[in-house]
Amino acid sequence: MFKNALVYSIEHWDAPGLAEIDKRLQGARFVECGASQPESIGWVEPRGEAHGPLIESVGGQYLLRLATETKAVPGGVIKDQVGKKLDAIEKDTGRRPKGKIVKELKEEVIHQLLPRAFPKRSHTAVWIDPKAQWLLVGAGSVKKADAVVTRLVEQLGGGFKVALVQTALAPASAMAAWLAEKEAPAGFSIDRECELKQPDSEKATVRYARHTLDIDEVGEHVRQGKLPTQLALTWAGRVSFVLTEALTLKKIKLLDVVLEGSGADAGAAQKDEGGFDADVALFTGELKLLIPELIEALGGLQQRTEPAASAPGALAAGPASDDGSVAPWDTVPA
């Protein structure tokens with residue numbers, strides 16, 4: 001379900017019924033790019049069944065799926081076509097256009113060539129646990145996840161308000177301590193992948209891949225001031241993932257002990273009727289246990305001061321402040 005994930009806490013949500021949420025999402029259903037349209041974004045069926053609901057509930061867990069389609073003309077083609085037009089104008093007038101005219105020619109070329117460009121489509125999974133008040137976005141970067149969260153705030157209703165999870169210990173500092181002490185937190189084990197970076201202008205970087213990290217050399221890098229930006233971990237012998245300095249979970253993988261215990265095929269997704277429900281139950285069941293333990297390993301949730309409420313109907317998505325806290329996304333119900 002998720003290869004990567006960022007975790008948000010739900011600060012407030014008077015959740016409408018599923019039918020009402022689906023109705024709201026239908027107004028933002030995905031539509032393929034038009035002939036000269038560079039991008040289209042919208043919700044698609046989580047189950048992949050045409051004309052189905054845009055939100056699914058499995059065991060009380062809500063699943064959504066956002067599709068993004070982009071069309072782009074290669075930069076080299078644009079440059080070549082614009083150059084030809086500039087050459088023609090220079091030949092006719094004796095002067096080669098600059099500035100605004102060049103920009104307009106470039107836009108004209110893109111508009112003409114977009115209908116011939118091949119579209120590229122990607123999907124982002126969203127999981128909401130209303131009871132535990134978690135939101136997981138299947139993205140590998142905060143920027144991409146934020147774009148999805150902004151749409152959710154606009155479209156879910158009920159005064160949906162979330163904040164990116166912040167822990168008392170910065171992930172980089174905690175990972176550095178685990179490596180220096182050669183000891184993972186309770187319930188976790190350190191795997192064979194790591195990246196350490198010097199936090200200065202030089203950004204000196206050391207990467208380990210398929211290499212044991214229980215060596216003095218790694219501890220020496222930490223003592224020299226390098227901080228881990230990524231560290232591979234396994235939780236309870238059941239789920240492996242890479243933790244980043246931004247508290248992103250990457251390369252999430254359910255291990256064989258989980259798949260074999262569930263009767264699922266480890267090599268491929270289930271295709272039988274009900275397979276979607278089984279996959280959702282399996283994945284969410286493991287992550288519901290992993291996430292609280294990971295947060296605990298990072299010192300628990302960071303205590304922050306509640307920001308001022310936004311104006312009625314306004315969307316607030318503030319950037320991270322100097323102390324690393326992040327203002328929540330919120331809407332005030334009408």
Side-chain angles (χ1 to χ4, degrees), residues 2-6 25 27-45 48 50 64-126 137-155 164 195 197-207 209 229-230 242 244-246 248 250-251 315-320 326 329:
F2 290 74
K3 291 183 179 179
N4 306 311
L6 274 149
L25 296 174
R29 177 181 278 274
F30 173 75
V31 178
E32 294 181 354
C33 285
S36 58
Q37 184 181 0
E39 182 180 68
S40 180
I41 303 175
W43 302 101
V44 295
E45 301 85 353
L64 303 93
R65 198 176 185 207
L66 188 70
T68 301
E69 185 173 271
T70 57
K71 294 172 68 177
V73 180
V77 175
I78 296 173
K79 183 177 180 180
D80 181 62
Q81 293 297 312
V82 171
K84 289 180 179 179
K85 289 180 178 292
L86 292 174
D87 290 342
I89 294 173
E90 184 177 17
K91 183 177 180 181
D92 292 340
T93 65
R95 299 181 62 184
R96 194 171 186 83
K98 297 181 179 179
K100 182 180 179 181
I101 295 178
V102 175
K103 182 179 179 181
E104 291 174 348
L105 286 174
K106 182 177 179 180
E107 292 174 350
E108 179 184 318
V109 167
I110 293 173
H111 185 76
Q112 291 173 344
L113 295 179
L114 266 178
R116 295 159 55 186
F118 289 104
K120 181 180 180 181
R121 192 177 302 179
S122 63
H123 296 89
T124 304
V126 175
V137 180
S141 70
V142 174
K143 181 179 179 181
K144 184 176 180 180
D146 284 354
V148 177
V149 168
T150 299
R151 290 180 177 274
L152 290 170
V153 169
E154 293 171 344
Q155 294 157 4
L164 188 64
E195 178 183 273
K197 186 175 293 186
Q198 195 78 31
D200 56 23
S201 59
E202 294 296 325
K203 301 293 183 184
T205 302
V206 177
R207 295 185 180 90
T229 57
Q230 298 187 46
V242 172
T244 77
E245 59 184 338
T248 306
K250 294 188 173 184
K251 299 182 181 180
L315 176 66
V326 180
W329 289 252

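Below, each value reflects all heavy atoms present in this structure, side chains not excepted, and no hydrogens, waters or symmetry copies. Fair warning: this is a prediction, and the values are worked out from it, not measured in the lab.
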pair [X]-[Y]: side-chain heavy atoms closer than 4.5 Å:
X: Asp87; Y: Lys91; answer: no
X: Asp146; Y: Lys143; answer: no
X: Glu245; Y: Lys197; answer: no
X: Glu108; Y: Gln112; answer: yes
X: Val73; Y: Val109; answer: no
X: Ser141; Y: Thr248; answer: no
X: Glu69; Y: Gln37; answer: no

Please name the pair of heavy atoms, one in [X] and one in [Y], separated by the smallest distance, quoted to 0.1 Å.
X: Val137; Y: Phe2; result: C-CE2, 3.8 Å
X: Ala117; Y: Ala72; result: CB-O, 3.7 Å
X: Ala145; Y: Leu6; result: CB-CD1, 3.5 Å
X: His123; Y: Val44; result: CD2-CG2, 3.9 Å
X: Val102; Y: Pro97; result: CG2-O, 3.4 Å

Got a second to check how far [X]'s [atom1] is from [Y]'s [atom2], nearest 0.5 Å?
X: Glu104; Y: Glu107; atom1: CD; atom2: CD; result: 7.0 Å
X: Lys250; Y: Lys3; atom1: NZ; atom2: NZ; result: 13.5 Å
X: Ile89; Y: Ile101; atom1: CD1; atom2: CD1; result: 7.0 Å
X: Lys71; Y: Leu113; atom1: NZ; atom2: CG; result: 11.0 Å
X: Glu195; Y: Thr244; atom1: CD; atom2: OG1; result: 10.0 Å
X: Leu152; Y: Leu25; atom1: CG; atom2: CG; result: 8.0 Å

Keeping the roles fixed (side chain from Thr205, backbone from Lys203), state whether a donor-acceptor pair exists under 3.5 Å. yes
Examine distances only and state if a side-chain atom of Thr68 and a backbone atom of Ser122 form a donor-acceptor pair shorter than 3.5 Å. no
For His111, does the NE2 atom sit with more than 12 other heavy atoms under 6.0 Å from it, leaving out its own atoms? no
Any chance CZ of Arg207 has more than 12 other-residue heavy atoms, nucleotides or ligands included, within less than 6.0 Å? no
Taking 4.0 angstrom as the limit, do Lys120 and Glu39 come out as a salt bridge? no
Paired with Val148, the side-chain contact (heavy atoms from CB on, under 4.5 Å) test is passed by just one of Val153, Ile41, Leu66, namely Leu66
